[in-house]
> 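Could you have a look at this structure, given as structure tokens, before my questions?
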Amino acid sequence: MITRQEILDLFRNGLFKQNTGLVQLLGLCPLLAISSSVINGLSLGLATTLVMAASSGAVSGVRNFVPNEIRIPVFVLIIAALVTVIDLTMNAFVHPLYLVLGIFIPLITTNCIVLARADAFAAKNRPLHSVIDAVAMGLGLTLVLLMLGAIREVAGQGTLLSGIDLVFGAEAQRFVVHVLPNYQGFLLAILPPGAFLALGLLIAANNWNKARAEQRTRAAVPVTA
Amino acid sequence: MSRELFTFHGGVHPPEHKSESSGRPLHPPLLPRELVIPLRQHLGNPAKPIVEVGQRVLKGQMIGEADGYISTAVHASSSGVVTAVEMRPVPHVSRLPDLCVVIETDGQDEWIERTPLDPHAMSLADLRMHVRDLGIAGLGGAVFPSAVKLDPGAHHCPVLIINGGECEPWITCDDLLMRTRADEIMDGVAIMRHLLGSLQILVGIEENKPEAIAAMQAAAARLDFAVEVVPVPTIYPGGGAKQLIYTLTGKEVPSGKLSTDIGIQVFNVGTAQALARAVRHGEPLISRLVTVTGHVLRPQNYEVLIGTPMRVLIAEAGERDGATGVVMGGPMMGVPLASADVAVVKATNCVLVRSAELFPPLPRELPCIRCTRCADACPAALQPQELFRFAKAGDFGRAQEYHLFDCIECGCCNYVCPSHIPLVDYYRYAKSEIWAREKEKRAADLARERHEFRQFRLEREKKEKAEKLAAKTQAARAQAASAQPAESPATAPSEADARKALIAAALARAQAKKAETAPRNTEHLTPEQQRTIDEIEARRAKIRELAHQPLETEEKK
Amino acid sequence: MKDVVRAALDNSLRTSAILLVFAVVGTAMLAFTHQRTEPNITRSQQAEKLTLLDQVLPRSLYDNDLLASQQLLPPSDLLGTRQPSAMWVARRGAEPVAVALEAIAPDGYSGNIHLLIGITADGHITGVRVTAHRETPGLGDYIDRAKSPWIDQFTGTSLVEPPLRHWRVAKDGGRFDARAGATITPRAVVKAVKDALEYYSRQRTALLAAPAQGVPSP
Amino acid sequence: MLAAIGVMVLLAVAIGLVLGWSAVRFKVEGNPLAEKVDAILPQTQCGQCGYPGCRPYADAIASGEADINRCVPGGEDVVKKLADLLGVDPKPLDGALGEPKPKSVAFIDEQACIGCTLCIQACPVDAIVGAAKQMHTVIAKECTGCELCVAPCPVNCISMVPIEEDLPHWKWKHPVVMMKTVRTETRA
Amino acid sequence: MPAPFITGRASVTQVMGWVLIALLPGIAVYVWLFGPGILITLGMATVTALAAEAAMLKARGYPVKPFLVDLSAVVTAWLLALSLPSLAPWWLIVTGTLFAIVVAKHLYGGLGQNVFNPAMVGYAVLIVSFPVQMTQWAGPLALTGESLTLAQSAAAIFGGLPKGTLDAVTMATPLDTLRTGLLQQHTVDEVMVQPIFGQFGGTGFEWLAVAFLAGGLLMWARRIIGWQVPLAFLAGVWLTAGFLHFYDAGRFGAPWFHLFAPSVMLGAFFIATDPVSGSTTPRGRLIFGFGAGLLTIVIRTWGGFPDGVAFAILLMNVCVPLIDQYTQPPIYGATRTGKDTQK
């Protein structure tokens, strides 16, 4: 079926090496639009993960029946249908959550990560691998959304987890963390430009980290001269 | 002066520093103990050495002959013995050595037999051959073989411009030449006119040389044809050929073309004088005027034998302490030299000794702030800041799109840059890199073609071998079959078959032989082979196209 | 040539057949889900609407099915509407006790501000909520109840209390405060609420006389 | 419901027809990518990449089966160009294949040559001339410096001579600008 | 080092120094109008900018001194300081300057590499993030009769003013007033009778504009800037505003008013002329300037903020590579043949 090592590799790939948000820079549109707070980012990240897992599994399942020339329409069809089903289901059965994420769920259809993974991975691999890859990629995205949301929320409003009550009900209000009390608010962080700036800083940090790691490994090799 | 003058774009006014050397009279030639005469002094192919070590040569004797059309001869500047034909340091920015003829002078300065030429008694082509063999090349700096420029060829050059601009700071050798030898210059002009059939002759001299203008005007008045001596505004690089053409005529030399394409030919005053010496006296180009100036006690103009080590000149002009280097040429476009030991060549118009106070080290380079002062100063009206950006980033294709090869490397942009960026260095680097890549590309194309042809040849040989083998086995089988003819009546038709096979085998053999003996590309190719060749051809054409896309320099330069 | 055309034709038929299968399966799946979820969704949406109405019309005031009482009002300058807008009538027994109106403040800093206003039968505000706006975040968005309780100061007011000339922001000499540096947005809201009250007082009879079982809008 | 299915069916059929038709009708013959790759490769035909020549390696890159860092004579420059062309990250040369060397040409010691023609057969660009039992010589202008002729020579008379820089081949260097302060590494 | 071996006297420090000198008349008028508080703002911005510049240079491995003395950071600081409202709190000044130097300048690669004008990036960040504080202008001398003393200004800047006092001394700028009035469906004439609108560009503010104009002309005379950008910028403002005003004088302000609202003069002569983020070709500069002028009026009229100079310039900064590419001037040798001779 699938070995432990393979699973580990897939996760390392999805979470770090090929991270959709920081490395592949895919699906930036929802990434930037939704990441104004931790709760928003986390919710959309998880929703995207769900859609990716479902669609990657489905695409992988039918991959042998789809001729190359119509693979994109078929994948889009599958993804769109799945997203709509999830959209309707959420609307019907978890309405409060739907109220928060409602307008973003249909956007997942257009998120290129979903199609990219379907085409680049699921169309060439077995269903189980594909689902795990999709989950790893989705979690990688969620991770970035979470960090971005945290940065923007703290910088913008001085809080964390605001809006948690919309997901878990009014009593969850007490989980909201006021990191900086009496904070003036830095509007830019919440506005779209703030998303670009924060993402830019995250990417820079990631690259810097990578470069440093590389340097370390290089320095570790003794130079004979 | 009624002539309408045109102002070219850009230009700068660096301090002139001409009075230091222009006040002193011309110094007669010095005779050094050793002359080092490079064989590559002009553009085009270097001269081929025709003397041997130990051979005695006379002054004016040819020691290197012109090699090809774009080339000129090289001569001994004084009499003496050839002590070496070897690689020696030459005045080149690379500081690499080049092939030189070394002569130990004997102090007798004995001339070879000189025969004056009569331009009107010989054909123009003959005259040009003589000019080439007398080693005449442009003395303005580019040292292009003059015989080539004096051949109007398909172009008609109604306008002849004599360049007395001398816009570089410090240099005064042309000034002095015009002041002292105006008549000889005009004589050279007359010969040029004869060779080119020019209708209009203009002499452009910068206004900061009033004496030279007066002398040249007086000399022009003594001629039996019209020569207009025009003072032009003093601005660097007003003496650049393209800039002078524009100033005098208002015409621009189209990008990527030569001035002859618009009917104009330009010569330096020194070239005209050298031509006059060559034709009237049969003297080859063995000496020229050189300004020795800068950090020396007595800046002065010298008549210098080609091959004289610069150190000799500097010593004569009075060496001073604190010199920081020697430059051949002016401060804007001159060539920094590794040492003063290199010899004066035909291109040497100035030996400039640097010192810290005359030429303080340039301030530290800062990033480009895109102020476009360079664009304002560029006489070629380029956008130096963009060229710099592309050259620095290694984006040579874009640099070419922005007309890198129209840059004349005059240094104006460097001069005005508030960030003190060595812009010209970047352009020279980019140009040289583009040429090198072009060369590599061509080598790669050649290798690809040869490799593909080899593949094709091997393939064909294999096929032929296989065919031969097949024919042989068939023939053998046929023979075996014919060995037992009456075994059964049913073999009758097979007998015919065997005969047919025999014939076929013979034919194939013949054909194979023919293919073997015939030159490689024969007309006896199977359709299949033909198709393979066609395919390869088509692919090659495509690759060539791809490979050449970003490189149109070849046509430009 | 003919071969190529035939091959292309064959291939296109094959691909379209495959795509057809996927389309049919996908659509069927959607249709099925839609059918299954529709009642739930309708219910949720109505509950949502009701939650919003609850904020401007306390449920203790009335006992009718508020959602069923929805009617459409023609466009009106006082309501700031260019299209028909919704109105709900709350009744206790048969007696109309209050209405909820949709209104628009057209002169916000960045365009329209959509309001939902509850008015008792005798012309007192029971509550105002901003349902949609595009005011500058951090500057004009304090009119949103989620951001600040500013909007609550309308509750209990009427055309008489405060008097008409005090229906302005404090900076213009009125009764309603506004935050420094951002007076355009509150001005627009105050004016819209006042206009809605005026609309109500002029149309009161017609509005309240509307049939108890009004034609529900689609 | 029926309308929705109808629309989807129509769309599906239309798109399927068009795509299926075009896939066959507008098929691109040959591999234009391989040609672009080939145009970048230095054409030494040395085979150090593990393919029998530059073109086969180009085909392998274009089809995705070979990595872009296998061309030793092309060096980092070629890797960078290939990375640009293919839109992938450049990577260091595969060190296992050999170190880049200065450009050289083969030189046959004519005293030692026995005229065995083995080198002629090995030369991928026909840059060696000579016949059996006759002395061979390298056409320096056409030699790509691939070293394929060195190994087959039974008398070891072929050596690689680096091309020395001379005046006509001299290049301007990139202006060295010390804008940044150089941090001296004190690591031993 | 190859030729050339000599260089002219121009230097980056000299260019930047002249910009600072040309700002002095404007600063003088500012002090006269609004009191010496601006000097505190300028000082704070300068210190912050130099500190940030030094820190960033160090972090990026560049030598600090030669880059600090080029004065480019000081120019950025001054331009930002002069764009801020006269009573901007200290943290606003520091935040804006830090953003300008660290993000807009050094994260883009430092001197010469910034795509956007750093001062305007700082300004844009502030106006987007702190719209309330960015409108705290003290009333000009001519209206209030007295300008704030240094101590009062310092108190306002460092938050020492008693609550409420700030509201008392602040006033809307002419542009703000016009916009608010127009939004309330008043006509231009109705709004313009208010005392804040002086002779032609708003009481006091108009003299600030004149001072900036004078400084700009000085820079032009010293060949620090070309004429193309300022002229085209002013023409863009004047023509666009004039066209709108001609179309409906009731809804659109007069062109002279728009010209002499001080941000236009500052923008036209000091900010749009920033060589690094501006266009480099002569025709490109005309387009760049005109576009910025036009956008200024468009943003003032229909945009979300009362003034549009900063955003107009930033928007045009984005267009610079495109403009430059399509406005390359003909080179020597190309005019005669019309086009390139090769190919």
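A, B, ... follow the sequence lines: proteins, then strands. Residue 1 opens every chain. All values reported here derive from a predicted model rather than from experimental measurement.
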> Rounded to the nearest 0.5 Å, what separation is found between the CG atom of A:L77 and the CE atom of C:M29?
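Rounded to the nearest 0.5 Å, the CG-CE separation comes to 8.5 Å.
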> Would you indicate whether the side-chain heavy atoms of C:T33 and A:T84 approach each other to under 4.5 Å?
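Result no, sub-4.5 Å side-chain heavy-atom pair not found.
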> Evaluate C:L30 against A:V85 for side-chain contact (heavy atoms from CB on, under 4.5 Å), listing each step before the verdict.
CA-CA 6 Å; C:L30 283 188; A:V85 168; 3.7 Å; yes
> Once salt bridge (Lys or Arg N to Asp or Glu O under 4.0 Å) is applied, do any residues pair with C:K194, and if so which ones, sequence neighbours excluded?
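With sequence neighbours excluded, C:K194 shows a salt bridge (Lys or Arg N to Asp or Glu O under 4.0 Å) to no residue whatsoever.
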> What part of A:F65 is in contact with chain C, defined as an atom under 4.5 angstrom from a non-hydrogen atom: side chain, backbone, both or neither?
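Interface part for A:F65: backbone (N, CA, C, O).
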> With a 4.5 angstrom heavy-atom cut-off, could you sort out which part of C:E48 is near chain A: side chain, backbone, both or neither?
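For C:E48, the contact with chain A is made by the side chain alone.
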> Would you name the heavy atoms of A:A92 and C:S44 that are closest together and state the gap between them?
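Here A:A92 and C:S44 meet closest at O-OG, 4.1 Å.
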> Is C:R14 in contact with chain A via its backbone, its side chain, both, or neither, using a 4.5 Å heavy-atom distance?
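Side chain only.
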> Hey, what do you get for OG1 (A:T89) to CZ (C:R36), rounding to the nearest 0.5 Å?
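Going from the OG1 atom of A:T89 to the CZ atom of C:R36 covers 11.5 Å.
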> Can you confirm whether C:R168 is buried at CZ, in the sense that more than 12 heavy atoms of other residues, nucleotides or ligands lie under 6.0 Å from that atom?
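No, CZ of C:R168 has 12 or fewer neighbouring heavy atoms, counting only those of other groups under 6.0 Å.
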> Other residues, nucleotides and ligands only: do more than 12 of their heavy atoms fall within 6.0 Å of NE2 on C:H34?
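Not more than 12 within 6.0 Å, no.
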> Applying side-chain contact (heavy atoms from CB on, under 4.5 Å), run through A:N91 and C:T37 and close with a yes or a no.
CA-CA 8 Å; A:N91 194 350; C:T37 53; over 6 Å; no
> Cut-off 3.5 Å, no hydrogens considered: what does the side-chain donor-acceptor table look like for residues 15-23 of chain C, sequence neighbours left out?
unit_1, atom_1, unit_2, atom_2, d
C:T15, OG1, C:N11, O, 3.1
C:T15, OG1, C:S12, O, 2.9
C:T15, OG1, D:G16, O, 2.7
C:S16, OG, C:S12, O, 3.2
C:S16, OG, C:L13, O, 3.0

> Should we say atom CZ of A:F196 is surrounded by more than 12 heavy atoms from elsewhere, each under 6.0 Å from it?
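For A:F196, atom CZ is not crowded (no more than 12 foreign heavy atoms under 6.0 Å).
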